[in-house]
Amino acid sequence: SSDYSLIPLLIIAFYIMSNCVCTLLYAWDKRSAMRRGQRISEKNLLLWTFVSGGLLALAAQQIFRHKTQKLSFQLVAIVAANRISSFGFG
C-alpha cells in the first residue's frame, strides 16, 4: 500500500470540510445581514463557493434564502459543481 492510496480520501475529506465551512459562512452572513452586523465579503463567499465545489453552497443559498437573487453566486456554484463532477474517482 502506497501513500498515494490516501489521496482520494484526503480529497474527499477536504471537500466535506470546505462544504461545511462554506455552509456556515452563508448562515453567518445571513444572520449578520439580519442583525446589521459584520458581514462576510462577497469575494470570500464566492471563493468558498468555488473551493467547496458549489453543491452545498447552492443548498445553503436556498435554505437560508441568502444571495439567491445574485446571478454571480449561482454561476460560480454551478461552475464549481461541474468542475468537481468532472474529476471522478474511478
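As the structure is a prediction and not an experimental result, all values here were calculated from the model.
- Trp48 and Leu75 fall into different hydrophobic clusters, where Ile, Leu, Val, Met, Phe, Trp and Tyr side chains are chained together by heavy-atom contacts under 4.5 Å.
- In this structure the side chain of Arg31 never reaches within 4.5 angstrom of the side chain of Phe64, judged on heavy atoms.
- Taking Arg39 as the reference, Asp29 meet the salt bridge (Lys or Arg N to Asp or Glu O under 4.0 Å) condition, with sequence neighbours excluded.
- Both Ile63 and Leu25 are part of a single hydrophobic cluster, where members link through side-chain heavy atoms under 4.5 Å apart.
- Residues Arg83 and Phe50 come closest through the heavy atom pair NH2-O, 2.5 Å.
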Item to complete: Could you please spell out the steps behind the side-chain contact (heavy atoms from CB on, under 4.5 Å) verdict for Gln61 and Lys70?
Response: CA-CA 10 Å; Gln61 290 170 13; Lys70 296 210 170 196; over 6 Å; no

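- Residues Tyr26 and Thr49 form a side-chain contact, since some pair of their non-hydrogen atoms from C-beta on lies under 4.5 Å apart.
- Atoms CH2 and NE2, from Trp28 and His66 in turn, are 12.5 Å apart once rounded to the nearest 0.5 Å.
- Of all non-hydrogen atoms in Ala77 and Leu58, the two that sit nearest each other are CB-CG, 3.5 Å.
- Contact detail for Ser18 and Ser52: the closest heavy-atom pair is OG-CA, 3.3 Å.
- Evaluation of the salt bridge (Lys or Arg N to Asp or Glu O under 4.0 Å) rule for Lys30 yields no partner, not counting sequence neighbours.
- By the rule that hydrophobic residues join a cluster once side-chain heavy atoms approach within less than 4.5 Å of another member, Phe14 and Ile7 end up as members of one cluster.
- Grouping the Ile, Leu, Val, Met, Phe, Trp and Tyr side chains by contacts below 4.5 angstrom, directly or via other members, places Leu47 apart from Leu56.
- Ala80 and Gly54 make their closest contact through CB-N, 3.9 Å (heavy atoms, listed as atom of the first residue, atom of the second, distance).
- In plain terms, the two heavy atoms of Val51 and Tyr15 that are nearest each other are O-CE2, 3.2 Å.
- Under the 4.5 Å side-chain heavy-atom criterion for Ile, Leu, Val, Met, Phe, Trp and Tyr, Leu24 and Val21 are members of distinct hydrophobic clusters.
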